[in-house]
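All of these numbers come straight from a predicted model, not from anything done at the bench. Counting convention: from 1, in listed order, for ligands and their atoms alike.
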Amino acid sequence: MLHFYYGVMGSSKTAQLLMQRYNYQQLGLKVALVKPAVDTRAGQNVVFSRVGLQADAELVLGPTHSIREQLLWLAAQRAHSDFQYLFIDEAQFLSEAQVQELAELSDSLDIFCYGLKTDFRGQFFPGSAALLRLAEVIEEVPGGLCWCGKKATMNTRVDPQGSVIKEGAQVLIDNHQSIRYIGLCYEHWRKGISHG
Ligand SMILES: [Zn+2]
C-alpha cells in the first residue's frame with residue numbers, strides 16, 4: 001500500500017516518520033529509509049528533524065534513479081531482499097516516474113511517503129501531485145502553526161529580513177541560511193505577512 005502523509009513546514013513530518021520507523025524496527029520488521037538527493041541541509045545521507053531526531057538514510061535517490069534498481073542494490077549490500085516497509089522523507093522531491101514505480105512496488109511493500117504538498121508559490125511539487133493521484137492512503141500531518149496561531153497550510157519562502165518571496169525556482173535549498181521556509185495560514189501567506 002502506498003501512503004502519503006503531507007504537512008507544511010514545521011509540522012514535524014520527519015519526526016513522525018522517524019518515530020513510525022522506530023516502531024516497525026522494534027518489532028524486527030525490515031525497513032529501509034530513503035530520501036531524495038536534492039535535500040542536503042543536514043548532510044547527504046541524514047534524515048533530520050527540527051525537533052532533534054535524526055537517522056541515516058540507507059538510500060539517497062538521484063532524480064533519475066530507478067527506485068526498484070536502487071532497492072536491489074541495497075538488498076545486495078545487506079544480504080537480504082525482503083524489505084517490507086519503505087519510509088521516504090521529503091517525498092515532494094521524487095520524480096513523477098519514481099512515484100509511479102512506488103505505486104507498482106506497493107503491491108508487495110508498505111510504503112510511507114512524508115512530504116510537502118505545495119511549494120512556496122502554492123503550486124504542487126511533481127512528486128506530491130503524483131502521490132495525490134496514486135497513493136491509496138492520504139493523510140495530513142497536523143500541527144503546523146502560523147505565527148497568528150491559526151493552522152498553517154501554506155509553505156512560505158522568506159528572505160533574511162522576513163519578507164515573503166513568491167517568485168523564483170521551485171527548489172532552492174540554501175545552505176548559507178539566507179532564505180528559510182516557514183508555514184503560514186492562507187490569509188497571511190496571501191498578504192505576505194510573515195510575522196506579527
Ligand atoms: Zn496567520
Could you measure the distance from the CG atom of Asn23 to the CG atom of Leu18? Nearest 0.5 Å is fine.
11.0 Å

Candidates Leu61, Leu116, Val171, Ile88 - the one meeting side chain to side chain contact (heavy atoms under 4.5 Å, CB included) with Phe93:
Val171

Counting only N and O atoms by type, is there a donor-acceptor contact under 3.5 Å from the side chain of Asn155 to the main-chain atoms of Met9?
yes

Under 2.8 Å from the Zn ion (ligand 1), which protein atoms of type N, O or S occur, listed by chain and number?
Cys146 SG, Cys148 SG, Cys185 SG, His188 ND1

Atom CD of Glu96: over 12 foreign heavy atoms under 6.0 Å
no

Taking ring-ring contact (aromatic ring centres under 6.0 Å, His included) as the definition, give me every residue that meets it alongside Phe124, ordered by chain and number, with sequence neighbours left out.
none

Relative to each other, are the rings of Tyr24 and Phe87 parallel, tilted or perpendicular (30° and 60° limits)?
perpendicular

